[in-house]
Amino acid sequence: MRTYCRILGILVPTLIAVALHGQEVAQKHENALPKRPNIVFIFSDDHAAQAISSYGSELLPTPNIDRLAKEGMRFSNCFCTNALCGPSRAVILTGQHSHQNGFRHNGQKFDATQDNFAKRLQAVGYQTAVIGKWHLGSQPTGFDHWETLYDQGPYYQPEMDRDGEKVEHQGYTTDIITELAVEFLEGERDPQRPFLLMVQHKAPHRNWQPALRHLDLLADQTIPEPPTLFDDGSGRGLASRIQDMTIAETLTPFDLKLSFPDRLTVAQLDAWTAAYGPRNAAFEAAGLTGKDRVRWRYQRYMKDYLRCIQAVDEGVGRLLDTLDRLELADNTVVIYSSDQGFYLGEHGWFDKRFMYEESLRMPLLVRWPGVVPAHSVHEGLVQNLDFADTFCEITGAERVTASQGKSLLPLLRGEFPPDWRTSIYYHYYEYFEETKVSHMVRRHCGVRTDRYKLIHFYNLGEWELYDLDRDPHELRSVADDAAYADVRKTLEAELARLQGVYEVPDDAGSVSRDPHGLIEALGRAAD
């Protein structure tokens with residue numbers, strides 16, 4: 001009994017102290033910021049910043065997404081840590097690099113028992129919900145409600161996991177996700193609690209199936225070609241020349257709508273046939289070859305990609321209008337981002353994975369009335385690694401265990417802290433020697449500063465270095481240029497420093513140098 005009492009004598013004061021500390025943290029937070037804000041985090045899949053008009057794109061107007069830039073802040077230098085769907089989501093949830101959260105590549109199962117920012121928000125009273133694409137192989141944890149797609153999910157007639165039960169929907173997936181989010185705002189949320197709502201679209205992921213109402217959008221227009229559409233990669237290393245993600249060869253008839261998905265209803269199939277049938281017939285009759293054939297494939301790919309974005313932008317508009325109508329907008333932080341960037345014909349490619357700018361860069365737009373200056377732009381180097389800490393700080397929650405990010409709150413207030421990072425770390429893992437994997441992009445890691453980028457394709461033993469001021473399209477590596485020897489030495493040291501800071505294991509992604517003799521074969525071909 002005495003032992004029991006002594007334990008209680010230690011435990012009870014400790015528990016009281018912990019509770020008082022939590023109250024103190026919350027009180028300090030309430031004194032520093034407005035009433036605890038709601039968060040609506042809108043997250044698309046593969047939406048490149050160069051396809052958003054507030055980022056300077058002329059490909060397609062995105063007026064609703066642009067509202068966030070006009071009424072809030074646009075981050076011009078937001079980058080991912082690993083340009084792939086699942087890993088990016090795991091990084092955002094945990095605030096940890098892929099090697100630390102354990103989800104390095106698609107196909108793995110995310111350890112849902114680990115800490116994440118949704119759990120932290122739950123702990124301080126937030127109602128949490130996620131709707132749309134999840135793609136982590138395990139069910140969400142930290143959420144009071146979820147309705148998520150299985151794996152990638154289809155563009156039409158999706159089956160979804162609603163709090164552990166399968167439900168079937170009819171219609172277009174982007175619209176369904178938007179509708180479910182509106183239903184949460186209108187009736188499913190607890191009006192007495194602040195909320196986190198994650199709205200995660202499948203679009204505009206491959207293979208870019210538009211809504212019926214958008215099948216003829218852009219049909220009579222010509223999408224501008226990027227200046228590097230016919231780049232042969234001769235100024236870069238081997239990795240960019242042995243990938244399998246070209247518009248010229250990799251896109252399939254299914255990608256190009258020369259064949260149709262089998263999930264369409266009769267009415268949907270009739271609409272697709274009416275839209276694509278005559279265009280496909282004209283293409284077959286033309287018998288295009290060479291660059292003309294590539295140009296046709298580029299136009300078909302880009303128009304479908306942009307048509308998918310049109311539905312996403314409309315969904316953003318509907319969510320913003322709903323927040324206005326429910327008088328929630330003034331106390332709601334609205335964020336728009338995507339899991340990474342995407343190639344829109346640059347270097348002749350589609351997809352992502354590489355550390356080159358088009359897939360490394362992420363869009364990030366934040367509106368928070370009364371806190372974030374309207375129509376502002378921040379040029380600080382930020383990453384998806386920072387989202388978890390940001391969400392925790394603005395809600396008064398404790399930061400995620402072992403988080404490696406930095407809260408963006410000072411930046412959101414328009415500040416540029418003197419100790420803010422001057423470089424970012426990147427690491428891509430999804431390449432396996434024993435199997436042919438999608439797109440065949442070799443593993444690599446690297447460091448980017450405001451001007452330079454150093455990439456190490458470590459299983460090829462190759463380095464690439466780019467001066468982004470002089471070579472913004474990354475067409476010529478200067479890794480072996482004597483004029484850049486000091487820059488390379490400095491960046492190699494910075495890469496090693498970041499790997500130490502982030503505790504990157506020595507064997508992370510290690511594979512044999514050139515198991516298929518590709519370097520030797522390329523040399524023979526050049527001779």
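Nothing fancy with the numbering, it's 1 onward along the sequence.
Between D386 and R421, at least one side-chain N (NZ, or NE/NH1/NH2) sits under 4.0 Å from a carboxylate O, which counts as a salt bridge. Electrostatic pairing of E358 and K352 does not count as a salt bridge here, judged by no charged N lying under 4.0 Å from a carboxylate O. The existence of a salt bridge linking E314 and R213 is confirmed by a sub-4.0 Å separation between a basic side-chain nitrogen and an acidic carboxylate oxygen. Using a 4.0 Å cut-off between a side-chain N of Lys or Arg and a carboxylate O of Asp or Glu, R318 and D321 do not qualify as a salt bridge. Salt-bridge check for D304 with K257: passed, with a basic side-chain N closer than 4.0 Å to an acidic carboxylate O. Ion pair R353/E430 flagged as a salt bridge, since at least one NZ, NE, NH1 or NH2 atom sits closer than 4.0 Å to an Asp/Glu carboxylate oxygen. Between D220 and K303 there is no salt bridge, since no side-chain N of the basic residue sits under 4.0 Å from a carboxylate O of the acidic one. Between R120 and E398 there is no salt bridge, since no side-chain N of the basic residue sits under 4.0 Å from a carboxylate O of the acidic one.
Taken from CD in Q200 to CH2 in W146, the straight-line distance is 14.0 Å, to the nearest 0.5 Å. Taken to the nearest 0.5 Å, the OG1 atom of T250 stands 8.5 Å off from the CE atom of M245. Taking CG of L365 as the start and CD1 of I335 as the end, the distance is 10.5 Å to the nearest 0.5 Å. Annotation: the span from T94 atom OG1 to N116 atom CG amounts to 8.0 Å, rounded to 0.5 Å. Distance CD/Q157 to CD/Q170: 4.5 Å, rounded to 0.5 Å. Put simply, OG1 on T128 and CZ on F117 are 9.0 Å apart, with the number rounded to the nearest 0.5 Å.
Without hydrogens or angle criteria, T332 side chain to N38 main chain gives no donor-acceptor distance under 3.5 Å. Judged purely by atom type and a 3.5 angstrom limit, R297 uses its side chain to pair as donor or acceptor with the backbone of L251. For the pair D339 (side chain) and S88 (backbone), a donor-acceptor distance under 3.5 Å is absent. Checking side-chain atoms of D190 against main-chain N and O of Q192 turns up a donor-acceptor pair under 3.5 Å. In this structure, H378 contributes its side chain and E415 its backbone to a donor-acceptor pair below 3.5 Å. Using modelled atom types, one side-chain atom of S359 and one backbone atom of F354 make a donor-acceptor pair closer than 3.5 Å. The backbone N or O of R399 lies less than 3.5 Å from no partner atom in the side chain of S403, so there is not a single donor-acceptor pair. Of the possible polar contacts, one joining the S338 side chain to the S44 backbone as a donor-acceptor pair under 3.5 Å is found. Here the side chain of S376 pairs a donor or acceptor atom with the backbone of P373 at under 3.5 angstrom. Within the 3.5 Å criterion, the main-chain N or O of K109 finds no donor-acceptor partner in the side chain of S138.
The closest side-chain donor-acceptor pair between H99 and Y502, if any, does not fall under 3.5 angstrom. The closest side-chain donor-acceptor pair between Q127 and Q122, if any, does not fall under 3.5 angstrom. K202 and Q152 share no side-chain donor-acceptor pair at under 3.5 Å. When only modelled atom types and interatomic distance are considered, S53 and D66 share a side-chain donor-acceptor pair under 3.5 Å. Side-chain polar atoms of D389 and S407 form no donor-acceptor pair below 3.5 angstrom. Side-chain atoms of Y155 and T174 include no donor-acceptor pair closer than 3.5 Å. Under 3.5 Å, the side chains of Q139 and D161 contain a donor-acceptor pair of N or O atoms. With hydrogens and angles left out, the side-chain atoms of D270 and Q268 include no donor and acceptor closer than 3.5 Å.
Under the 6.0 Å distance and 45° angle rule, R443 does not count as a cation-pi partner of Y428. In this structure, K406 satisfies the cation-pi test against W420, with its NZ or CZ atom closer than 6.0 Å to the six-membered ring centre and inside 45 degrees of the ring normal. By the 6.0 Å and 45° rule, K453 does not stack over the aromatic ring of Y356. Stacking of R279 on the aromatic ring of Y276 is recorded, both the 6.0 Å distance cut-off and the 45° axial limit being met.
Counted within 6.0 Å of CD on E379, heavy atoms from surrounding residues, nucleotides or ligands total 12 or fewer; the atom is thus considered open. Atom CD of E183 has more than 12 heavy atoms from other residues, nucleotides or ligands within 6.0 Å.
Two residues are said to be in side-chain contact when any heavy atoms from C-beta on lie closer than 4.5 Å; Y429 and L84 fail this criterion. No side-chain heavy atom of D163 sits less than 4.5 Å from a side-chain heavy atom of E147. When side chains are defined from C-beta on, T81 does not count as touching Y426, because their heavy atoms never get closer than 4.5 Å. The shortest distance between side-chain heavy atoms of R67 and V316 does not fall below 4.5 Å.
Residues P37 and W368 approach most closely at CG-CZ2, 3.7 Å, considering heavy atoms. Across P158 and L149, no two heavy atoms sit closer than the pair CB-CD2, 3.7 Å. Closest approach of Y425 and C445 over heavy atoms only: OH-CB, 3.8 Å. Residues A51 and S57 approach most closely at CA-OG, 3.7 Å, considering heavy atoms. Across all non-hydrogen atoms, the minimal contact from P140 to T148 is CG-CG2, 4.3 Å. For the pair F143 and A118, the tightest heavy-atom approach, listed with the atom from each and the gap, is CZ-CB, 3.6 Å.
Y343 pairs in a ring-ring contact (aromatic ring centres under 6.0 Å, His included) with only one of the listed residues (W349, Y301, Y298, F350), which is W349. Looking at D351, D255, D46 one by one, the single match for salt bridge (charged side-chain N to carboxylate O under 4.0 Å, His left out) with R206 turns out to be D255. Checking K119, R189, R193 one by one against D144, the salt bridge (charged side-chain N to carboxylate O under 4.0 Å, His left out) holds for a single residue, R193.
Taking the six-membered ring where the residue is Trp, W208 and F342 present perpendicular rings, their angle passing 60° and hence far from 30°. The aromatic rings of F41 and F387 sit perpendicular to each other, their planes meeting at more than 60°, with 30° as the lower class boundary.
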Practice item. Walk me through it: do R89 and D45 pass the test salt bridge (charged side-chain N to carboxylate O under 4.0 Å, His left out)? Key: CA-CA 10 Å; R89 286 163 168 75; D45 194 309; 3.4 Å; yes
Exercise for review: Give the C-alpha distance, both sets of side-chain angles, the deciding distance and a yes or no for side-chain hydrogen bond (donor to acceptor under 3.5 Å, both in side chains) between N106 and Q108.
Suggested key: CA-CA 6 Å; N106 288 339; Q108 293 187 299; over 6 Å; no
Point to revise | Pair Q50-E346, side-chain hydrogen bond (donor to acceptor under 3.5 Å, both in side chains): steps then yes or no | key: CA-CA 11 Å; Q50 67 268 30; E346 298 91 356; 3.2 Å; yes
Practice item. Verify ring-ring contact (aromatic ring centres under 6.0 Å, His included) between Y156 and Y172, making sure each step is shown before the conclusion. Key: CA-CA 5 Å; Y156 284 87; Y172 189 61; 5.2 Å; yes
Review point. Should Y336 and H47 be marked as a ring-ring contact (aromatic ring centres under 6.0 Å, His included) after you check the CA-CA gap, both sets of side-chain angles, and the distance that decides it?
Key: CA-CA 10 Å; Y336 184 85; H47 191 179; 5.8 Å; yes
